[in-house]
Amino acid sequence: MTNSRAPLAAVCQSKERGEISVLLQPKQQLPPAFCRLRPGRGVQQHNPVHADAVTSVAALKADLCVSGGKDKVWYWPTTGHKTDVRKIRGCGLNVTCDSNRIFSASRDKTVMMWELHRTSGPSQHFPGHDLVVTGLAVSPDATQLCTGSRDNTVCKWDVETGGCLGRAAVSRNLVTHLCWVPGEPYVIQTSEDKTVKMWDSRELRVAQTFPGKQHIQTCCDVSQDGRYVLSSSSGFAGEGCEATLWDLRQTRSRVREYKGHFQTTTSCVFLPRGPALAPSIATSSYDSKVKVWDQDTAACLATACLEGAGPLASLAVCDSSTLLCATFNSGIHLLQMRNGANLELEELKVSAA
């Protein structure tokens, strides 16, 4: 680190372009591209590692995250993917998983598994897709991986061996996102065909297709109790751009919509109970805004406008009050919800040690 104060454009410096970058606690003996986040008030900047848009961010623990970008992959000290990283997944927030494992999906048609304490490159490769890999989901016990691609296929993999356990193709199923239902064998998928699908991972077949929307479905998330699914929509000038809540027990109809963004909504996440006492969700959009919504009423509780950040690409939940947001122009922003007379969503100062 050359600057202990300094949006969070990955809080570490690289001598090469491209990376998966990681933020970490200092007590662990790891290479010097790691540091601990110490939130405070105000907005400060760190020297960027990413040399281009950050396309995905994932929280491994409350103070540990990993990100991937259009600048390919830089991984201490080995370059892995040949082209830009589209999705990053870890499983540190799931207590049954090994939090030291990170999965990355790329435009180079491959998925890689990385070990946090390993310095010699990826520990496992998952080749087999014919086009860019755009969906990535880890099973609750971290033994299996589901991937999806613009080649219309979904694949299931053995994490330990890297072997492909199944491959299924659905016509016009250009996958945009995947997420695993907690404690269940089901995987939720969004697609450019404007639908949300539920896959049974045991037989790798589509168990349910939700009613089609008017726009491309860009992202999805599942509530921790496994009862609800969120999806987000593309759009422009306020047409589309919404998030949609679905009940997994009654998938023939949507529960409600969350409207207020003016460009494509790129990411949607369920929030743990925290400052927003009611069940709540968060969304990010190409309109440079992050919004927090009341899950039950669809009322917008708070908005953060990240001036100069450009399109917002990805959200990650750190804890009940803290979010990470990956952006095209200014790296990763750390946001915190504060509950006063009204819920506030504000950027935080980050210091590194």
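None of these values were measured; they are calculated from a predicted model.
- Membership of the apolar cluster around Val222 extends to Val181, Tyr186, Ile188, Val196, Met198, Phe210, Val229, Trp246, Leu248, as traced through chained side-chain contacts below 4.5 Å between ILVMFWY residues.
- Looking at Trp293 and Ser280, their side chains never bring a donor and an acceptor atom within 3.5 Å of each other.
- The CG atom of Leu306 lies 7.0 Å from the OG atom of Ser288; values are rounded to the nearest 0.5 Å.
- A donor-acceptor pair is defined here as one N or O able to donate and one able to accept, closer than 3.5 Å; such a pair exists between the side chain of Gln217 and the backbone of His215.
- For Thr283 (side chain) and Val292 (main-chain N/O), no donor-acceptor pair under 3.5 Å exists by modelled atom type.
- Judged by distance alone, with hydrogens and angles left aside, the side-chain atoms of Thr153 form no donor-acceptor pair with the main-chain N or O of Ala169 at under 3.5 Å.
- Residues satisfying the side-chain hydrogen bond (donor to acceptor under 3.5 Å, both in side chains) criterion with Thr265, sequence neighbours excluded, are absent altogether.
- Using a 4.5 Å heavy-atom threshold, the side chains of Thr322 and Leu334 count as touching.
- When side chains are defined from C-beta on, Arg150 counts as touching Thr134, because their heavy atoms get closer than 4.5 Å.
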Full working for side-chain hydrogen bond (donor to acceptor under 3.5 Å, both in side chains) between Trp114 and Ser123:
CA-CA 5 Å; Trp114 310 80; Ser123 58; over 6 Å; no
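- By the 4.0 Å N-to-carboxylate-O rule, Asp193 lies too far from Arg172 to be salt-bridged with it.
- The salt bridge (charged side-chain N to carboxylate O under 4.0 Å, His left out) check on Arg256 picks up nothing, with sequence neighbours excluded.
- Scanning both residues, Val159 and Ala142, for their nearest heavy atoms gives CG2-O, 3.6 Å.
- Residues Asp287 and Lys289 are not paired through a salt bridge, judged by the lack of any N-O separation under 4.0 Å between the basic side chain and the carboxylate.
- Considering every non-hydrogen atom in both Tyr258 and Asp294, the closest pair reads CE2-O, 3.5 Å.
- To the nearest 0.5 angstrom, Leu245 atom CG is 7.0 Å from Ile281 atom CD1.
- Within the 3.5 Å criterion, the main-chain N or O of Met337 finds no donor-acceptor partner in the side chain of Glu344.
- Counting Ile, Leu, Val, Met, Phe, Trp and Tyr side chains that sit under 4.5 Å apart, directly or through other members, Val154 shares a hydrophobic cluster with Val170, Val175, Leu178, Trp180, Val187, Trp199, Leu204, Val206.
- In this structure, Phe103 and Phe126 have tilted ring planes: the angle between them lies in the 30° to 60° band.
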Please assess Cys164 against Lys156 for the test side chain to side chain contact (heavy atoms under 4.5 Å, CB included), listing each intermediate value before the final yes or no.
CA-CA 6 Å; Cys164 185; Lys156 181 172 70 171; over 6 Å; no
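- The backbone N or O of Ser106 sits nowhere less than 3.5 Å from a side-chain atom of Lys87 that would complete a donor-acceptor pair.
- Looking at Arg101, its side chain never comes within 3.5 Å of a backbone N or O of Glu115 through a donor-acceptor pair.
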Take Asn173 and Gln189 through the side-chain hydrogen bond (donor to acceptor under 3.5 Å, both in side chains) test and state the conclusion after the steps.
CA-CA 10 Å; Asn173 186 44; Gln189 180 227 308; 2.7 Å; yes
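- Using a 4.5 Å heavy-atom cutoff, the side chains of Arg86 and Arg107 are in contact.
- Considering every non-hydrogen atom in both Ala313 and Ser267, the closest pair reads O-CB, 4.3 Å.
- More than 12 non-hydrogen atoms from other residues, nucleotides or ligands lie less than 6.0 angstrom from CZ of Phe328.
- Among Glu242, Lys213, Gln214, the one residue that satisfies the side-chain hydrogen bond (donor to acceptor under 3.5 Å, both in side chains) test with Ser233 is Glu242.
- Counting Ile, Leu, Val, Met, Phe, Trp and Tyr side chains that sit under 4.5 Å apart, directly or through other members, Leu131 stands alone, with no cluster partners.
- Within the 4.5 Å cutoff, the side chain of Leu230 has no heavy atoms near those of the Thr244 side chain.
- Note: Asp319 CG to Gln336 CD = 7.5 Å, rounded to the nearest 0.5 Å.
- Judged by distance alone, with hydrogens and angles left aside, the side-chain atoms of Tyr286 form no donor-acceptor pair with the main-chain N or O of Ser234 at under 3.5 Å.
- Under the 4.5 Å side-chain heavy-atom criterion for ILVMFWY residues, a single connected hydrophobic cluster contains both Leu343 and Val290.
- Counted by atom type alone, Ser139 and Asp141 present one or more donor-acceptor pairs between their side chains at under 3.5 Å.
- Gln208 and Asp200 are not linked by any side-chain donor-acceptor pair at a separation below 3.5 angstrom, with hydrogens and angles left out of the test.
- A donor-acceptor pair is defined here as one N or O able to donate and one able to accept, closer than 3.5 Å; such a pair exists between the side chain of Ser223 and the backbone of Tyr228.
- Proximity of a side-chain donor or acceptor of Thr266 to a complementary backbone N or O of Ser284 within less than 3.5 Å is detected.
- A heavy-atom distance below 4.5 Å is found between the side chains of Leu271 and Leu323.
- Annotation: side chain of Cys220 is in contact with side chain of Cys179 (closest heavy-atom distance under 4.5 Å).
- Of the N and O atoms on the side chains of Thr176 and Thr218, not one donor lies less than 3.5 Å from an acceptor on the other residue.
- For the pair Val54 and Gly68, the tightest heavy-atom approach, listed with the atom from each and the gap, is CG1-O, 3.6 Å.
- The backbone N or O of Phe270 lies less than 3.5 Å from a partner atom in the side chain of Asp221, making a donor-acceptor pair.
- Evaluated for a side-chain hydrogen bond (donor to acceptor under 3.5 Å, both in side chains) with His129, the options Asp151, Thr110, Asp108 yield exactly one hit, Asp151.
- Atom OG of Ser330 and atom CG of Leu312 lie 8.0 Å apart (nearest 0.5 Å).
- Between Arg249 and Asp225 there is no salt bridge, since no side-chain nitrogen of the basic residue lies less than 4.0 Å from a carboxylate oxygen of the acidic one.
- Within a 6.0 Å sphere centred on CD of Glu239, other residues, nucleotides and ligands contribute 12 heavy atoms or fewer.
- Within the 4.5 Å cutoff, no side-chain heavy atoms of Ile102 are placed close to those of Arg89.
- Among all heavy-atom pairs drawn from Cys318 and Ala59, the shortest one is CA-CB, 4.2 Å.
- Distance CD/Glu347 to SG/Cys325: 9.0 Å, rounded to 0.5 Å.
- Judged by distance alone, the side chains of Ser285 and Gln263 never bring a donor and an acceptor atom under 3.5 Å apart.
- For Lys291, there are no salt bridge (charged side-chain N to carboxylate O under 4.0 Å, His left out) partners at least two apart in sequence or on another chain.
- For Leu136 against Ala105, the heavy-atom pair with the smallest separation is CD2-N, 3.9 Å.
- Annotation: side chain of Leu335 is not in contact with side chain of Leu324 (no heavy-atom distance under 4.5 Å).
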